[in-house]
Every structure is written in structure tokens, then in C-alpha cells.
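Remember, predicted model here, so these are calculated numbers, not experimental data. Each chain gets a letter, A, B and so on, in the order its sequence line appears, and its residues count up from 1.
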Amino acid sequence: MHDIKAIRDNPDAFDTGLARRGLPPMAGELLKIDSERRDHLQKLQDAQARRNAASKDIGEAMKQGDKARAESLKAEMGTIKDFIASGEAVERDLNQKIEAALAVIPNIPLDDVPDGKDETGNIEVRRWGERPRFEYEARQHFDIGEWLGLMDFEAAAKIAGARFVVMRGQLARMERALAQFMLDLQTGSNGYTEHYVPFMVNDAAVFGTNQLPKFAEDLFRTTDGRWLIPTAEVSLTNLVRESIVEEKNLPMRLTAYTPCFRAEAGAAGRDTRGMIRQHQFSKVELVSITTPEQSREELERMTGCAESVLQKLGLHYRVMRLCTGDMGFGSRMTYDLEVWLPGQNAFREISSCSVCGDFQARRMDARYKPADGKGTRFVHTLNGSGLAVGRTMVAILENYQNADGSVTIPEALRPYMGGADKITRP
RNA sequence: GGAAGGGUGGCCGAGUGGUUUAAGGCACACGCCUGGAACGCGUGCAUACGUGAAAGCGUAUCGAGGGUUCGAAUCCCUCCUCUUCCGCCA
């Protein structure tokens, strides 16, 4: 959510930022409503001031037993009262109009975000590791999983429908092992505090992290009006909603392992086979709450924390700085980690780390008290995957596949797999 | 699900229609005191919006939203939420 005052102070900068997102200028229209609102507010407040003064006089008159004076003052209040009643309604209306307009405008990219229309405009920042070589044409993860008899899309379709999976045996265990491994790494070495959070949340939470009002069709809604979280970012970030934290507690670094539920409304026909795009998947999420001064550097740190998972698992990947056209709604800058998938012969997104500035903090009213100086400031928020568990499993199956159909378990994961070094057909 | 009782500033807590301009306390900040501290004393200390160069001024906010009234923290209605007891339950 943008600050209308900032737009007022610098409408051109705002429109320039929107243009980088491929959007038309909006400052003029917003400021028109804003000035209408302020003009009206001034009149309303004058009327309220007169009412308050008169009420005081009436109280005084009553106290002195001057009934006649009190009655005449009351009579004078009639028209002001009407004006205030209708004026308050108008003010609410204008406020809502501005709020509604602001709520669907995306965040402004930072200066060092490259301009671009779509993912072809993204810039590769660095690359880690090397592609594994195969003597044969590398198989895709679903072929490997199904051959092993441990990955079953038909069973999932029978009980749930398309875009679900059933895993058995060592693959089911690997899901659990990866989660444990990632959480241990993020909490042990990377300084994040583990959380257990609700998987169903209310409107306010989903508004706070930008999924509402614009992206409701991407979410699942419960019969009692709640939402299934599409990412733990929602639950974790909203922990600071409507609160004021002490600066000494910043940065806050939060992590949680949760399922994520996505309707994938606009994804018909994309990644229909396999585990890449599911209605349900799990993820270890990273969230940082920082001061405005810390947030840019925290993005680099967070990205590094996500990368550390891939490095320990020995998975080849590249880091992409997303261009303006490929960035999410609330982001000011995003790094995607793309892991190499030999079966697809392509890099695929496995983590996305974004800094949102005060964009979400405004929506949530999340502030901090500076250590020196008075008042409060909005916090900055960041979120990133550390990592998506399902896609990590896909990457392991494809990168560690063997000619005989078995899959070698990366060394770092073996302690979590009961010491096993290989997944074989049972 | 049933019954009862709560929700007031960063925190605790008083306040049943009109100097409440939200008492008092804690915490915090500054000053005095001290060799330095504690104690004590004094002063300050909510948020948002509007206006203004600033000081300031105005308005709103006592869980949320409506209503009654010249005037609502206070009375009425609806909702949210917490606590306790009962019932059910992993």
C-alpha cells in the first residue's frame, strides 16, 4: 500500500515508478480524490468544532440552571447536526475510495531493478555448481518416482483430483527429511526462529501480505470465510500486524515449515505432469522484519540463506534478479533461485526472495519504535523460500538419478534418511 | 454448542450522560540530588488525519461498526475477541 502523502509530495516519481511496471500514470486521479477529501474534511472538522463548543456551552448553561439559554443553543444545533451526519458518511466514502484505489496498485521497483517486460528481462547475477552429466537422456522426476513405485499421481487424482500427489516409503520420508534438514539449517546456522503457525487465516492477514483484494482467485477459501495460506509468508509476516516492536528486536528473522495451497487459476495447461505445480505443496519460509536502513542488505543475506540449502545439497543453480515486468505485486526487488533440472534440461524456480519495503507494513500497520528519537516508523518486510520442499525433491530426483533407475541421496540428507545412501525400487 | 464475565494509552488500572482536556501507578526520557548509582524530588511522555515554515491549532480514536442525545469511555443494537464454568472432542 502506497502512502498518499508521498504521492502528494512527489507525484512524478510515483508515475515514473508505475511506468516501469508498464502501468499508466495514476497520481493525478488519486490526488484529485485526495484533495476533494481534504477540502471536505476541513469543512467537517469546522462543523464538529462548532458542535463541541456549543455542547460545552449547553452543559455550562444546564449547570447554572439557565434552561432557556440551553434550549436556544440546542435549536441552533439542528442544521450543524445534519451536516455532520451526512459529512461523516461522505468522508468515509472518500476514504474508502482512496483506500480501494491504492490497494490494487503494485509496489514501486528499486532503482537497481532492471526494466523488462517478462522473464526474458531478468538478469543472471551468479551461478553455483555444475550440471551433472548423464550417459543417457536424463529422466524427469515423475518418471523416476513412478518407476520406483513411490510417487503416485493416479491415487492422488482418485482421492483429490488433478495437481496432487501421493508419495510412499522413502520418498514420503524424503519430504519429511528435507523439511527437517532445511529447518535445522535456517534455525541453526542462519539465525531464524522456528514457528508453528495457522494454515488458515482471516481476511485482514491476507490483505496484509497483498493477496487480497487483487488475487483472491489464486486462493482457496474455507466454508467459514477463512483462507488457506498460499505461503507461510502470510502467517509469519502478519505476526507483527497492528503492533509496535522495539528497534532492538530488529531484525526479526522468522521461519516456518507449512503446507501451501494454491488454486493455480491462471495456470491451466502449464506443468500439468509431475510435482512442479501442485495445489498443495510444502515449503520452509523465511521472513525478516527490519528497519528501513537494514532491508536492502537483508535481502542479500536472505538470498544467501536460501542458497545455502542448495549448496549443501550439491544442486546446481543460478541467481536471477527479476526485472520490473516479472516481479510480484508487493516487491521492490526480487531474487529468484533457479535450480537445474536435467530431466527438463532447464533452470526452474525453487526460491524467490523479495524485499517489500514498507508496502506490507502499511497494509498491516506494523511499526517499530526507533531506539533514539520519538515516534514510530513502519518496519520493512522481506520474504523468501528456504526452500520449496516439493521442488527440492524434484531437483534431487533428477540430479542424483542413476542409470539403473535408483537415486543417490545427497550426503547432507542421509542423517535425516536413517543413514540410507540410495533410494531403490522396493 | 450452552451460561456468565471482560476488552480503556507501551503496560497495569480508575472512570455509570456535561471542567475527563481519559485520574493514578509502572515503564521510559530529561533535570536536580550523588564520588558514581539506587532511593527521593521535578518535568515530560498515546496514535492518526487535517492545517501551518514552525510553535501551535483543530478533528477523530476507550475492541469494531451502527444507533439514541445539544453532548457518549459511560445508555441501546449488531459483530469480533478474550477469560471462566458446563457439554463435546484429537
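Using P as the reference atom, B/rG63 and B/rG58 are 25 Å apart when rounded to the nearest Å. For the P atoms, the distance linking B/rG2 with B/rC79 amounts to 12 Å, nearest Å. Between B/rA14 and B/rG66, the distance separating the two C1' atoms is 28 Å to the nearest Å. Taking atom P on both nucleotides, B/rC12 is separated from B/rG71 by 33 Å, rounded to a whole Å.
When the nearest nucleotides of RNA chain B are assigned to A/R8 and A/A53 by heavy-atom distance, the more 5′-ward of the two goes with A/R8. Toward the 5' end of RNA chain B, the nearer of the two residues A/L44 and A/R367, judged by each one's closest nucleotide, is A/R367.
In this model, a side-chain donor or acceptor of A/Q45 finds a partner on the base of B/rG58 within 3.5 Å.
Here the side chain of A/I58 is nearest to one of B/rC70, B/rG50, B/rA60, namely B/rC70. When the nucleotides B/rC49, B/rU51, B/rA60 are ranked by their closest atom to the side chain of A/R37, B/rC49 comes out on top. Considering only the side chain of A/A49, B/rG58 comes nearest among B/rG71, B/rG66, B/rG58. For A/K81, taking side-chain heavy atoms from C-beta onward, the closest of the listed nucleotides B/rG71, B/rC49, B/rU47 is B/rG71. You'll find that the side chain of A/K74 is closest to B/rC70, out of B/rG50, B/rC70, B/rU59.
Two rings, from A/F142 and A/F153, have their centers 6.0 Å or more apart. Taking the six-membered ring for Trp and the full ring otherwise, A/H2 and A/F359 have centroids separated by under 6.0 Å.
Using Watson-Crick or G-U wobble geometry with both donor-acceptor distances under 3.5 Å, B/rC33 finds no partner in any strand shown. Pairing for B/rA55 is absent, judged as Watson-Crick or G-U wobble with the two contacts each under 3.5 Å.
Considering A/V319, A/L313, A/L315 in turn, A/V319 is the only one that fulfils the side-chain contact (heavy atoms from CB on, under 4.5 Å) rule with A/Y317.
In this structure, the side chain of A/D271 does not engage the main chain of A/I276 through any donor-acceptor pair within 3.5 Å.
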